[in-house]
2 protein chains.
Amino acid sequence: MSSDLPNTSRSLPIALLRARERVMRPVRAILMDVGITEQQWRVLRVLEEEGPQDPTRIADGACLLLPSLTRILQKLEEKQLISRQPDPDDGRKQIVNITANGTRIIRDNLGASQAVFEGIQAKMGAERYELLLDLLNELYRDTSN
Amino acid sequence: MSSDLPNTSRSLPIALLRARERVMRPVRAILMDVGITEQQWRVLRVLEEEGPQDPTRIADGACLLLPSLTRILQKLEEKQLISRQPDPDDGRKQIVNITANGTRIIRDNLGASQAVFEGIQAKMGAERYELLLDLLNELYRDTSN
DNA sequence: AATTTATTATTAACATGTGAAATTAATTCG
DNA sequence: CGAATTAATTTCACATGTTAATAATAAATT
């Protein structure tokens, strides 16, 4: 009963790539209307959910490398969606905050992006959707760095 | 019995991102020794498996956008890992070939990259590994463009 | 046949991914 | 205290992702 998939469909890297593309394409369209990129959105979400924090922790939470994050924070600061302060306890660190503007952008568009995920969940079935998340997390957790 | 995962672990885009990172990091290390990137490797693999074809089909098979592929083909041509001919039947198209050098690079390193996937399969168990691939392909197939 | 429309490949412009090197500040050691 | 080491962040260089615009050819329409 299998449909016609490319013969690379059993390649794990490519299958992950394709699935991710399907999920993110509609979300990116939503974000483009707001004027922010997918990565900028991830950073704002982490700050909005977990509060002020240093770049290293943001990079971990948003799944970004630090050199990328540095540039993204510069852009977000220009747009006045975040602000930064030096860490009083450690002169090497800084503390990044989300601004009121940033918070508003996230909250105003949370529903639209959630709807995309719920649409996928509806097509796959909630059970298989959760199973997919379990397997992805298992792969992430059990694989050595 | 769940382990300590980030609270973004139930976010499908981030879970896909993290899993993909885990899979590709060791593969990228292998390819870096050969002097080619992950995307260049995907292009060569498609050509080696499916034979000479036009850029549009390569882009589909290697999961790349055409503007990216254009640059990648230029690099691969400089490295003499591919060659190109105009399509005699359609002046807009061209036909891309993998060279003997390109074929050799792929075949010499196929085993090392396969070993990475087999390592993941061993840790997850073959059954759950296949299930993950099924679910990823289901997501890809059933989701509207 | 001339005009329009669609397809293919490229280029442009901006943002990010990635690994290595450089920078700055904190900590440790002699 | 001063040099070496470690840690956090940034910069650098190159490659790719992404959308829009362009050029060339093919196909369709009138």
Side-chain angles (χ1 to χ4, degrees), chain A residues 13 16-18 20-44 53-60 62-79 81 84-96 145, chain B residues 13 16-18 20-44 53-60 62-79 81-82 84-96:
Chain A
L16 286 165
L17 200 55
R18 290 195 176 116
R20 185 173 151 62
E21 179 53 28
R22 280 290 201 271
V23 175
M24 284 314 302
R25 184 174 292 275
V27 175
R28 270 197 293 267
I30 295 169
L31 298 175
M32 202 169 60
D33 293 338
V34 194
I36 62 176
T37 67
E38 172 194 341
Q39 291 82 357
Q40 292 169 357
W41 172 71
R42 286 211 303 271
V43 170
L44 292 179
Q53 54 193 285
D54 59 272
T56 297
R57 189 172 148 205
I58 298 174
D60 187 54
C63 208
L64 293 166
L65 294 182
L66 274 171
S68 299
L69 182 61
T70 296
R71 287 174 304 208
I72 293 169
L73 290 178
Q74 290 166 349
K75 299 261 169 58
L76 289 174
E77 198 170 26
E78 288 172 13
K79 297 180 183 182
L81 302 180
R84 292 195 263 190
Q85 309 160 1
D87 186 328
D89 300 328
D90 189 335
R92 296 171 298 184
K93 294 187 182 179
Q94 57 181 280
I95 300 174
V96 183
N145 252 329
Chain B
L16 286 165
L17 200 56
R18 289 196 176 116
R20 184 172 151 62
E21 180 53 28
R22 279 289 200 272
V23 175
M24 283 316 301
R25 184 171 292 276
V27 175
R28 272 197 294 266
I30 295 169
L31 298 175
M32 203 168 59
D33 292 338
V34 194
I36 63 176
T37 67
E38 172 194 341
Q39 291 82 355
Q40 292 169 358
W41 171 73
R42 287 212 302 272
V43 170
L44 291 179
Q53 52 192 286
D54 59 273
T56 297
R57 189 173 149 204
I58 297 174
D60 186 56
C63 207
L64 293 166
L65 295 181
L66 270 173
S68 298
L69 182 61
T70 295
R71 287 173 304 207
I72 292 169
L73 290 178
Q74 290 166 349
K75 299 262 168 58
L76 289 174
E77 199 169 25
E78 288 172 11
K79 297 180 185 184
L81 302 179
I82 64 160
R84 291 196 262 191
Q85 309 160 2
D87 185 329
D89 300 329
D90 189 333
R92 296 169 300 182
K93 294 187 183 179
Q94 54 183 275
I95 299 173
V96 183

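Order of the sequence lines sets the chain letters (A, B, ...), proteins ahead of strands, with each chain counted from 1. Quick note: numbers below take in every heavy atom, side chains included, and nothing from hydrogens, waters or symmetry partners.
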Once you apply a heavy-atom cut-off of 4.0 Å, does A:Q40 come out as touching a base, just sugar-phosphate, or nothing?
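It contacts sugar-phosphate atoms only.
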Give every donor-acceptor pair under 3.5 Å between a side-chain atom in residues 62-70 of chain A and any protein atom, sequence neighbours left out.
unit_1, atom_1, unit_2, atom_2, d
A:T70, OG1, A:L66, O, 3.1

For residues 32-39 of chain B, tabulate all N or O donor-acceptor pairs below 3.5 Å that involve a side-chain atom, not counting sequence neighbours.
unit_1, atom_1, unit_2, atom_2, d
B:T37, OG1, B:Q40, N, 3.2
B:E38, OE1, B:R28, NH1, 3.1
B:E38, OE2, B:R20, NH2, 2.4
B:E38, OE2, B:R42, NH1, 2.9

Euclidean distance, atom [atom1] of residue [X] to atom [atom2] of [N] [Å, nearest integer]:
X	N	atom1	atom2	result
A:L31	C:dC14	CG	P	21 Å
B:I72	C:dG17	CD1	P	16 Å
A:M32	C:dT16	CE	C1'	16 Å
B:Q39	C:dT16	CD	C1'	12 Å
A:E38	C:dT16	CD	C1'	10 Å

Separation between CD1 of B:I82 and CD of B:Q74, rounded to the nearest 0.5 Å:
9.5 Å
Distance, nearest 0.5 Å, that separates CG of B:L16 from CG of A:L16:
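Answer rounded to 0.5 Å: 6.5 Å.
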Upstream residue (5' side of DNA chain D) when B:K79 and B:L65 are each assigned their closest nucleotide:
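Comparing both residues, the 5'-ward one is B:K79.
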If a protein heavy atom is under 4.0 Å from the base, mark B; if only from the sugar-phosphate, S; if neither, -; do that for nucleotides 3-13 of chain C going 5' to 3'.
----BSSBBBB
Please name all residues satisfying side-chain hydrogen bond (donor to acceptor under 3.5 Å, both in side chains) with B:R84, sequence neighbours left out, ordered by chain then number.
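Expected list: B:E77, B:Q94.
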So, using side-chain contact (heavy atoms from CB on, under 4.5 Å) as the criterion, who are the partners of B:R92 when residues are at least two apart?
B:D90
Taking B:V96 as the fixed residue, which of B:V43, B:I58, B:D54 is the one that meets the side chain to side chain contact (heavy atoms under 4.5 Å, CB included) rule?
B:I58
Taking any atom under 4.0 angstrom from a heavy atom of chain B, which nucleotides of DNA chain D are the first and last to qualify, 5' to 3'?
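It runs D:dA15 to D:dA26.
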Verify side chain to side chain contact (heavy atoms under 4.5 Å, CB included) between A:M24 and A:V27, making sure each step is shown before the conclusion.
CA-CA 5 Å; A:M24 284 314 302; A:V27 175; 3.7 Å; yes
Please state whether the phosphate of C:dT16, meaning OP1 or OP2, lies under 4.0 angstrom from any side-chain nitrogen or oxygen of A:K75.
yes
If you assign A:D89 and A:L64 each to the DNA chain C nucleotide with the nearest heavy atom, which residue ends up on the more 5' nucleotide?
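Per heavy-atom nearest nucleotide, the more 5' residue is A:L64.
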